[in-house]
Protein chains: 2
Amino acid sequence: MFASLPASTIIYSPGRHKADQEAMPLSSSGTCIAKSASPIDNGYLRGRLDGVGSSVEVAKGQEIVGQGDRADSCFEVIHGCVRTLQRLEDGRSQVSEFLLPGDIFGLDASGEHEFAAEAVTAATIRRVRLCTIDLLTREDAAFEQDLRHHLCYQIKAARRRLVALGRMTAAEKIAGFLLEMSGRLDASEQGAVKLPMCRGDIADYLGLTIETVSRCMTDLKRRNVISLHGSLIAILDRRLLATKETLH
Amino acid sequence: MFASLPASTIIYSPGRHKADQEAMPLSSSGTCIAKSASPIDNGYLRGRLDGVGSSVEVAKGQEIVGQGDRADSCFEVIHGCVRTLQRLEDGRSQVSEFLLPGDIFGLDASGEHEFAAEAVTAATIRRVRLCTIDLLTREDAAFEQDLRHHLCYQIKAARRRLVALGRMTAAEKIAGFLLEMSGRLDASEQGAVKLPMCRGDIADYLGLTIETVSRCMTDLKRRNVISLHGSLIAILDRRLLATKETLH
DNA sequence: CGCTATCTTGAGAAAGATCAACTATTGTGG
DNA sequence: CCACAATAGTTGATCTTTCTCAAGATAGCG
């Protein structure tokens with residue numbers, strides 16, 4: 001996620017540490033302008049679980065996995081949208097990911113799930129036992145490699161989100177989110193996408209409040225960067241959204 | 001990371017979605033109080049790379065991997081402390097992890113490293129080619145499994161940090177950080193640990209400013225929850241640190 | 001068509017950031 | 001071993017962003 005944040009914002013700059021210049025060059029590129037990895041490359045396991053497991057229908061809002069549930073299965077979203085999240089006892093919650101058709105979750109679990117999974121919309125999901133995954137991994141070298149790539153991608157995606165949550169402003173978070181979603185969701189004729197999740201989910205994904213999410217979006221609309229009618233959103237000026245357009 | 005945050009704060013609570021109650025129970029535990037996974041279980045690969053690769057000495061502050069470097073190697077910290085981080089062009093930076101002896105980084109890379117790695121202190125690191133890892137994975141089923149567990153742990157660790165960055169207050173972040181570090185670093189006789197990283201690194205790890213880190217720590221000291229003299233820190237009241245002691 | 005959810009908007013409060021000294025610690029050369 | 005410079009850490013005053021609380025507007029659903 002957030003792979004589609006402005007590539008130009010990620011760049012090596014001299015550290016604040018004096019010792020930076022010392023000793024032998026271990027990194028192959030000393031001072032190098034880096035760009036983020038390609039936006040959408042988490043399809044390593046796409047189609048790999050076809051035919052295994054059993055599919056289930058879940059209603060909007062229904063819990064698929066509870067925090068603390070025994071982790072014996074992983075899931076692939078066939079249709080609809082799912083969120084993984086952790087809830088704190090005081091009501092705060094943090095969404096880890098939004099999962100769309102083809103996305104898999106719960107692969108990383110061992111022991112018990114630390115994050116719950118809930119249906120954002122009515123959804124169809126395929127449940128696959130982790131022992132099946134184990135088996136596939138042992139017997140199919142190509143699957144093993146794809147699985148490994150998939151896990152590595154999850155790590156990178158989570159770390160990208162760390163940067164967003166730790167160091168981005170509300171406006172930047174929203175911009176990154178809209179770019180991410182417009183890349184992952186199917187756009188209609190007019191280039192608009194229907195966000196499956198509500199403002200509250202977006203807020204919990206970005207570490208903001210509902211009100212801040214709403215205000216930032218309204219602001220982008222006012223400046224003609226996006227158009228929005230409820231959950232229907234179109235990006236009008238991708239350039240501006242992806243650039244440092246320090247709103248306000 | 002943050003595995004040692006108050007387990008009691010992580011709990012399932014009824015969602016805000018009306019539809020929560022609907023349909024069949026897919027999750028084995030409906031309403032369940034979940035606790036976080038065991039604090040320190042990232043040792044899956046500990047010792048597995050002994051004998052492979054070559055070790056290198058790096059000076060304090062030296063860059064080991066640059067943002068955008070070709071990802072052909074991973075690294076194990078033998079001695080010292082390393083940080084992985086991403087720098088934005090405007091100077092903001094986000095530390096992803098602090099790595100201590102036995103910890104491995106760069107395993108998740110493919111293509112190019114999105115995060116830089118820099119020595120927090122003078123350090124000894126072992127460099128292992130990723131093709132060597134590939135080879136080991138293919139030839140040693142036990143290694144493959146350990147590697148997979150390791151990657152899964154990294155995912156969970158990153159997601160735990162997502163909760164901290166997105167939904168915790170400055171005081172909670174600091175408390176969680178101190179608990180994490182006191183668990184990972186060797187304590188002296190008096191139970192004190194010497195933090196290898198400076199306040200700026202801590203700030204970049206937690207998404208705060210240096211000043212806020214300093215203030216929170218001073219506050220904890222004033223309330224006799226910790227003792228601190230520069231980078232030497234001892235936890236005096238672990239209970240209080242791990243509980244909702246909403247400072248301020 | 002009305003009810004409920006969700007979303008938007010405004011005003012005030014608060015957490016944390018910023019700017020600016022000032023203090024302490026560490027490391028170095030005389 | 002001390003003095004000094006450099007780095008790191010603390011503290012205070014003020015400002016900004018985001019949150020909170022509250023009300024009103026919209027939209028979706030039965």
Side-chain angles (χ1 to χ4, degrees), chain A residues 15-22 59-61 90-94 120-122 164-175 194-204 206-222 226-233 246-248, chain B residues 15-22 59-61 90-94 120-122 164-175 194-204 206-222 226-233 246-248:
Chain A
R16 65 177 176 288
H17 295 267
K18 174 205 182 185
D20 265 320
Q21 288 79 287
E22 300 170 1
K60 175 174 175 171
D90 57 10
R92 289 179 290 183
S93 64
Q94 175 66 47
V120 171
T121 64
L165 289 184
R167 287 301 186 215
M168 300 271 175
T169 64
E172 288 172 315
K173 287 175 179 179
I174 292 291
K194 186 184 179 314
L195 296 179
M197 69 293 288
C198 67
R199 301 288 187 270
D201 286 331
I202 299 174
D204 284 342
L206 298 176
L208 300 170
T209 58
I210 293 181
E211 294 92 333
T212 300
V213 169
S214 182
R215 272 187 255 270
C216 285
M217 287 195 170
T218 303
D219 196 49
L220 287 171
K221 178 187 185 181
R222 194 174 296 125
I226 62 171
S227 77
L228 90 157
H229 301 90
S231 59
L232 210 62
I233 295 203
T246 323
L247 323 186
H248 239 92
Chain B
R16 64 174 177 290
H17 295 265
K18 174 204 184 186
D20 265 319
Q21 288 80 283
E22 300 170 1
K60 176 175 176 171
D90 56 10
R92 289 179 290 183
S93 64
Q94 176 67 47
V120 171
T121 63
L165 289 184
R167 285 303 184 212
M168 300 271 174
T169 64
E172 290 171 315
K173 287 175 178 178
I174 292 291
K194 186 183 181 313
L195 296 179
M197 69 293 287
C198 67
R199 299 290 187 271
D201 286 331
I202 299 173
D204 284 343
L206 299 176
L208 300 171
T209 58
I210 293 181
E211 293 92 332
T212 300
V213 170
S214 182
R215 273 187 255 270
C216 286
M217 287 196 171
T218 303
D219 196 49
L220 287 171
K221 178 187 184 180
R222 193 174 296 123
I226 63 170
S227 77
L228 90 156
H229 301 90
S231 58
L232 210 62
I233 294 204
T246 325
L247 322 186
H248 236 92

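A, B, ... follow the sequence lines: proteins, then strands. Residue 1 opens every chain.
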Colleague: About how many Å separate OG of A/S214 and NZ of A/K221, when rounded to the nearest 0.5 Å?
Modeller: 10.0 Å
Colleague: Taking atom P of D/dT18 as reference, at what distance in whole Å does atom CE of A/M168 sit?
Modeller: 13 Å
Colleague: Pull up the glycosidic torsion of C/dA5 and say syn or anti, syn being anything within 90° of 0.
Modeller: syn
Colleague: side-chain hydrogen bond (donor to acceptor under 3.5 Å, both in side chains) with B/K194: which residues, sequence neighbours excluded?
Modeller: B/S231
Colleague: Between B/L195 and B/I202, is any pair of side-chain heavy atoms under 4.5 Å apart?
Modeller: yes
Colleague: What's the CE-C1' distance between B/M197 and D/dG9, to the nearest Å?
Modeller: 16 Å
Colleague: Separation of B/L165 atom CG from C/dA15 atom C1', in whole Å?
Modeller: 16 Å
Colleague: Is there a side-chain polar atom (N or O) of B/R199 under 4.0 Å from OP1 or OP2 of D/dA8?
Modeller: no
Colleague: What is the separation between atom CZ on A/R167 and atom C1' on C/dT18, rounded to the nearest whole Å?
Modeller: 13 Å
Colleague: Base, sugar-phosphate, or nothing: which does A/T169 touch, judged by heavy atoms less than 4.0 Å apart?
Modeller: sugar-phosphate
Colleague: Any chance you could measure A/I210, atom CD1, to A/R215, atom CZ, to the nearest 0.5 Å?
Modeller: 11.5 Å
Colleague: Let me know the distance between CG of A/L220 and C1' of C/dT8, rounded to the nearest Å.
Modeller: 15 Å
Colleague: Restricting to side-chain hydrogen bond (donor to acceptor under 3.5 Å, both in side chains), what partner residues turn up for B/S227, sequence neighbours left out?
Modeller: none
Colleague: Are OP1 or OP2 of C/dA17 and a side-chain N or O of B/T212 less than 4.0 angstrom apart?
Modeller: yes
Colleague: Shorter than 3.5 Å, N or O on both sides, protein versus nucleotides 19-24 of chain C: list them out with atom names.
Modeller:
unit_1	atom_1	unit_2	atom_2	d
C/dC19	N4	B/E211	OE2	3.0

Colleague: DNA chain D: A/G230 or A/L208, which has the more 5' nearest nucleotide?
Modeller: A/L208
Colleague: I need the CG-P distance between A/L195 and D/dG28, as an integer number of Å.
Modeller: 13 Å
Colleague: Give one of base, sugar-phosphate or nothing for A/T218, where a contact means two heavy atoms less than 4.0 Å apart.
Modeller: sugar-phosphate
Colleague: Kindly give the heavy-atom pair with the smallest separation between A/L165 and A/L206, and that separation in Å.
Modeller: CD2-O, 3.2 Å
Colleague: Contact class for B/L232 (heavy atom, under 4.0 Å): base, sugar-phosphate, or nothing?
Modeller: nothing
Colleague: Go through B/I233 and B/M217 one step at a time and tell me if the side chain to side chain contact (heavy atoms under 4.5 Å, CB included) criterion holds.
Modeller: CA-CA 10 Å; B/I233 294 204; B/M217 287 196 171; 4.1 Å; yes
Colleague: Sequence neighbours left out, what passes side-chain hydrogen bond (donor to acceptor under 3.5 Å, both in side chains) with A/R167? Give chain and number order.
Modeller: B/D204
Colleague: Considering residues at least two apart in sequence or located in another chain, which fulfil the side-chain hydrogen bond (donor to acceptor under 3.5 Å, both in side chains) criterion with A/T209?
Modeller: A/T212
Colleague: What is the separation between atom CD1 on B/I233 and atom P on C/dT25, rounded to the nearest whole Å?
Modeller: 14 Å
Colleague: Quick one: are A/V120 and A/K60 in side-chain contact, heavy atoms under 4.5 Å?
Modeller: no
Colleague: Rounded to whole angstrom units, what separation is found between the CE atom of B/M217 and the P atom of C/dG16?
Modeller: 15 Å
Colleague: Please report the end-to-end axis angle for the helix from C/dT6-D/dA25 to C/dG30-D/dC1, five pairs per end, rounded to 10 degrees.
Modeller: 40°
Colleague: Distances for protein N/O vs nucleotides 3-5 of chain D N/O pairs under 3.5 angstrom?
Modeller:
none

